[in-house]
S.K.: 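Pasting a structure here, questions to come.
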Amino acid sequence: MVQARRAKTRPLRIVIPIVVVAALLAGGAFVVSKLSGDPTTTANAPTRAPSVGATQSTAQPTSTGSSSTEPSATPTKTATTVVGAKALKACQRRVRAADDVMAAAKIGVAHWTTHVQAQTDANARRISAAKMSALFKKTRLAGPADHQRYQDALSEYKDLSGSCAEVDGAPANVARKLSKCAERARAQKPLMAAGADGMADWKSHVAAMQRNAETHVRNAQRVWLAAWRAAPPHIKAYKKAAADFDAPKC
């Protein structure tokens with residue numbers, strides 16, 4: 001009885017290790033198969049379906065096509081702005097050039113006024129003959145520079161073709177500046193005209209003095225007195241225009 005029990009237990013001890021070993025061998029083969037992989041599967045891996053982000057990126061070009069109509073309005077607005085800015089710049093150059101003409105005329109007419117007034121004051125015995133001569137000399141020496149300064153400013157002004165006229169579609173700030181410059185340009189005209197008359201008289205007398213200095217013109221005193229008598233109307237007109245001048249800055 002004892003021997004029969006021992007014979008039954010021995011096969012059990014042998015069978016269990018064999019089953020375990022077989023299971024381990026099968027698992028190892030499965031792991032090796034997973035590690036080695038299928039070459040075709042590895043090669044085809046990049047062909048996975050695109051993610052949501054990829055789908056959105058591919059759809060972007062269609063959105064740019066829908067916005068292609070927007071730039072059509074932008075160039076028109078930009079062109080109008082550029083035209084307005086150029087017109088304003090040209091207008092300002094011309095108005096400021098006119099300011100230079102007026103400034104030059106102011107200096108010249110002031111010297112001419114002093115020259116004429118010296119004779120008037122001497123005749124009325126308000127100043128001496130020596131004082132009159134000193135004033136004559138001072139203003140006479142300034143005369144050529146006065147004329148050159150005025151002519152240079154006038155030439156520069158005439159070379160400019162800018163206009164302060166309104167520009168259709170110009171931005172509001174540009175339109176306001178053009179309006180102010182146009183107002184100043186209108187106010188400049190009477191003062192420039194009066195300055196031109198005064199400077200013409202002064203130029204004529206300066207030329208007469210130069211001729212007398214070079215050739216001792218006969219009756220020089222008579223020529224001068226004729227110019228002196230003719231001078232007051234233009235001088236008074238210039239003073240009035242200068243007093244009336246009132247215009248915004250440009």
Side-chain angles (χ1 to χ4, degrees), residues 85-120 132-165 167 174 177-215 217 220 223-224 226-250:
K86 287 183 177 179
L88 176 60
K89 189 174 182 179
C91 163
Q92 289 174 330
R93 280 199 302 263
R94 186 168 173 82
V95 171
R96 288 167 186 171
D99 284 340
D100 292 341
V101 173
M102 293 190 303
K106 182 179 180 179
I107 297 171
V109 174
H111 287 153
W112 173 230
T113 301
T114 299
H115 201 87
V116 170
Q117 191 64 39
Q119 183 70 62
T120 302
M132 180 186 71
S133 296
L135 291 172
F136 279 172
K137 181 179 179 180
K138 181 179 180 180
T139 52
R140 172 175 57 82
L141 293 176
D146 290 345
H147 174 62
Q148 188 62 54
R149 185 187 304 109
Y150 178 75
Q151 282 302 124
D152 289 345
L154 189 61
S155 295
E156 185 173 350
Y157 170 74
K158 289 181 177 179
D159 286 342
L160 297 174
S161 59
S163 170
C164 296
V167 176
V174 172
K177 291 179 181 178
L178 280 171
S179 179
K180 288 182 178 180
C181 289
E183 183 179 349
R184 187 174 184 85
R186 287 190 296 270
Q188 287 172 334
K189 290 181 179 180
L191 184 53
M192 290 180 71
D197 289 339
M199 286 302 295
D201 292 345
W202 183 219
K203 177 185 177 181
S204 177
H205 183 59
V206 168
M209 288 189 292
Q210 289 176 335
R211 286 194 303 271
N212 185 52
E214 293 170 0
T215 63
V217 177
V223 173
W224 156 237
W228 169 70
R229 293 187 183 97
H234 284 167
I235 291 175
K236 288 180 181 179
Y238 177 81
K239 288 182 177 180
K240 184 179 185 305
D244 293 342
F245 181 76
D246 183 21
K249 293 182 178 180
C250 176

S.K.: Please determine if D146 and R149 form a salt bridge, counting it only when a charged side-chain N lies under 4.0 Å from a carboxylate O.
M.R.: yes
S.K.: Give the minimum heavy-atom separation between V109 and M199, together with the two atoms involved.
M.R.: N-SD, 3.8 Å
S.K.: Looking at every non-hydrogen atom in both residues, tell me the closest pair between A98 and Q188 and how far apart they are.
M.R.: CB-OE1, 3.2 Å
S.K.: Which atom names give the shortest non-hydrogen contact between Y238 and M102, and what distance separates them?
M.R.: OH-O, 4.3 Å
S.K.: Measure the NZ-NZ distance between K249 and K177 for me, rounded to the nearest 0.5 Å.
M.R.: 14.0 Å
S.K.: Decide if atom CG of D246 counts as having more than 12 heavy atoms of other residues, nucleotides or ligands within a radius under 6.0 Å.
M.R.: no
S.K.: Check whether the SG atoms of C250 and C91 are less than 2.5 Å apart, and answer yes or no.
M.R.: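 No, C250 does not link to C91 through a disulfide.
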S.K.: Please check if the number of heavy atoms outside Q92 that lie under 6.0 Å from its CD is greater than 12.
M.R.: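 Atom CD in Q92 is packed in, count exceeds 12.
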S.K.: Look at D100 together with R96 and state whether they make a salt bridge at an N to O cut-off of under 4.0 Å.
M.R.: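 So D100 does not pair with R96 through a salt bridge.
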S.K.: Quick one: pull up NZ in K138 and NE2 in H115 and give me the separation to the nearest 0.5 Å.
M.R.: 13.5 Å
S.K.: Within the 4.5 Å heavy-atom criterion, are I107 and Y150 side-chain neighbours or not?
M.R.: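 A side-chain contact under 4.5 Å is absent here.
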S.K.: I need the R140 CZ to S133 OG distance, nearest 0.5 Å.
M.R.: 10.0 Å
S.K.: What's the spacing between R229 CZ and Q119 CD if we round to 0.5 Å?
M.R.: 9.0 Å
S.K.: M192 and V101: which non-hydrogen atoms are nearest, and at how many Å?
M.R.: CE-CG1, 4.0 Å
S.K.: Counting the benzene-type ring for Trp, do H234 and W112 have ring centres under 6.0 Å apart?
M.R.: no
S.K.: So which atom in V95 and which in A185 form the shortest heavy-atom distance, rounded to 0.1 Å?
M.R.: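 Between these two residues, the closest heavy atoms are CG2-CB, 4.1 Å.
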S.K.: To the nearest 0.5 Å, how far apart are NZ in K89 and NZ in K86?
M.R.: 9.5 Å
S.K.: Are any of the side-chain heavy atoms of Q117 and I235 separated by less than 4.5 Å?
M.R.: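 Q117 vs I235: side chains apart.
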S.K.: Are any side-chain N or O atoms of R94 and backbone N or O atoms of Y157, one a donor and one an acceptor, separated by less than 3.5 Å?
M.R.: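 A pair under 3.5 Å: yes.
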S.K.: Could you check if a side-chain atom of K236 sits within less than 4.5 angstrom of a side-chain atom of K239, using non-hydrogen atoms only?
M.R.: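 Result no, sub-4.5 Å side-chain heavy-atom pair not found.
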S.K.: Distance from S204 atom OG to M209 atom CE, nearest 0.5 Å?
M.R.: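 Between S204 OG and M209 CE, I get 10.0 Å after rounding to 0.5 Å.
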S.K.: Quick one: list whatever passes side chain to side chain contact (heavy atoms under 4.5 Å, CB included) with T114, sequence neighbours left out.
M.R.: L135, T139
S.K.: Between N212 and A220, which heavy-atom pair has the shortest distance, and what is it?
M.R.: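 Nearest heavy atoms, N212 then A220: OD1-CB, 3.5 Å.
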S.K.: For the residue pair F136 and W224, does the interplanar ring angle fall in the parallel (under 30°), tilted (30 to 60°) or perpendicular (over 60°) class?
M.R.: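 F136 and W224: perpendicular rings.
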